[in-house]
Undergrad: 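Got a structure here, written out as structure tokens. Questions coming.
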Amino acid sequence: MEARLRQVGEGEGINFVQDGTLGNTLDSHRLIYFAQARGKQNDAVEAIFKAYFEQGKNLADPTILVGIAGEIGLDKEEFQRYLLSGDGDDEVRSEIQEHRKYINGVPYFTINQEYRLSGAQDSSEFLSAFKKAIGKASGEASRTGQTCSDGACAL
């Protein structure tokens with residue numbers, strides 16, 4: 001499995017390391033939650049993945065998370081206060097509980113709140129899910145009088 005992960009990662013420009021420190025990732029989820037409210041959720045996820053999977057950083061270390069917040073353009077001091085306050089903790093825990101009902105592998109992707117991919121998947125699986133989502137959006141658009149141009153619909 002590790003060899004396949006490295007091979008797929010290298011093909012995508014990701015250099016996986018195997019020396020990351022495992023720990024409680026609740027605060028990294030809180031960083032994502034904090035970033036989402038500021039339009040930086042995707043940036044936070046990317047930076048967290050890079051820190052752990054490519055740099056082997058300990059995501060349970062608040063100093064690492066505050067640094068990531070700064071790297072993606074968030075106010076480091078504001079995020080540090082957020083971490084210390086416990087804000088977002090209940091919301092993140094609730095969201096985790098909800099997702100545990102159907103997530104059984106990582107990474108995990110939800111496309112258009114309907115199509116789900118769990119675990120390491122080949123790009124053809126993503127393409128299939130995106131085509132289904134676009135097909136459904138196209139059908140819904142035609143039923144409501146909206147139009148899709150060049151095979152693209154607002155999802």
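Worth saying up front: this structure is predicted, and the values here are computed from it rather than measured.
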Undergrad: With salt bridge (charged side-chain N to carboxylate O under 4.0 Å, His left out) as the rule and sequence neighbours excluded, what pairs involving residues 97-113 come up?
TA: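 Found E98-K101.
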Undergrad: Can the ring centroids of Y115 and F130 be said to lie less than 6.0 angstrom from one another?
TA: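 Ring-ring flag for Y115/F130: false, centres at least 6.0 Å apart.
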Undergrad: What distance do H99 atom NE2 and S94 atom OG have between them, rounded to the nearest 0.5 Å?
TA: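 If I round to the nearest 0.5 Å, the distance is 9.0 Å.
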Undergrad: Measure the spacing between CZ of F109 and CZ of R116 and express it to the nearest 0.5 Å.
TA: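 Going from the CZ atom of F109 to the CZ atom of R116 covers 14.0 Å.
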Undergrad: Please determine, by modelled atom types, if R30 and Y82 share a side-chain donor-acceptor pair under 3.5 angstrom.
TA: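 No.
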Undergrad: Would you please name every residue forming a salt bridge (Lys or Arg N to Asp or Glu O under 4.0 Å) with D75, sequence neighbours left out?
TA: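 Residues passing salt bridge (Lys or Arg N to Asp or Glu O under 4.0 Å) with D75: none at all.
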Undergrad: I'd like to check I68 versus L74 (side-chain heavy atoms, cut-off strictly below 4.5 Å). Are they in contact?
TA: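 Not in contact.
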Undergrad: Which atoms form the tightest heavy-atom contact between V66 and K76, and what is the distance?
TA: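 Minimum heavy-atom separation between V66 and K76: O-CG, 3.5 Å.
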Undergrad: Would you compute the distance between atom CD of E95 and atom CD of E91 and round it to the nearest 0.5 angstrom?
TA: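 Result: 9.5 Å between the selected atoms.
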Undergrad: So, taking the atom named CG in D61 and the one named OG in S28, what distance separates them when rounded to the nearest 0.5 Å?
TA: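 Result: 12.0 Å between the selected atoms.
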Undergrad: Working to the nearest 0.5 angstrom, can you tell me the gap between D122 CG and S128 OG?
TA: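 Nearest 0.5 Å value for the CG-OG distance: 11.0 Å.
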Undergrad: Quick one: NZ on K136 to CD1 on I111, what's the gap to the nearest 0.5 Å?
TA: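 Those atoms lie 13.0 Å apart.
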Undergrad: What heavy-atom pair brings Q121 and L117 nearest, and what distance separates the two atoms?
TA: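 Of all heavy-atom pairs spanning Q121 and L117, the closest is CG-CB, 4.2 Å.
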Undergrad: Name the atoms and distances for all side-chain donor-acceptor pairs under 3.5 Å in residues 31-50, with sequence neighbours left out.
TA:
unit_1: R38; atom_1: NH1; unit_2: F34; atom_2: O; d: 2.8
unit_1: R38; atom_1: NH2; unit_2: E78; atom_2: OE2; d: 3.0
unit_1: K40; atom_1: NZ; unit_2: I72; atom_2: O; d: 2.9

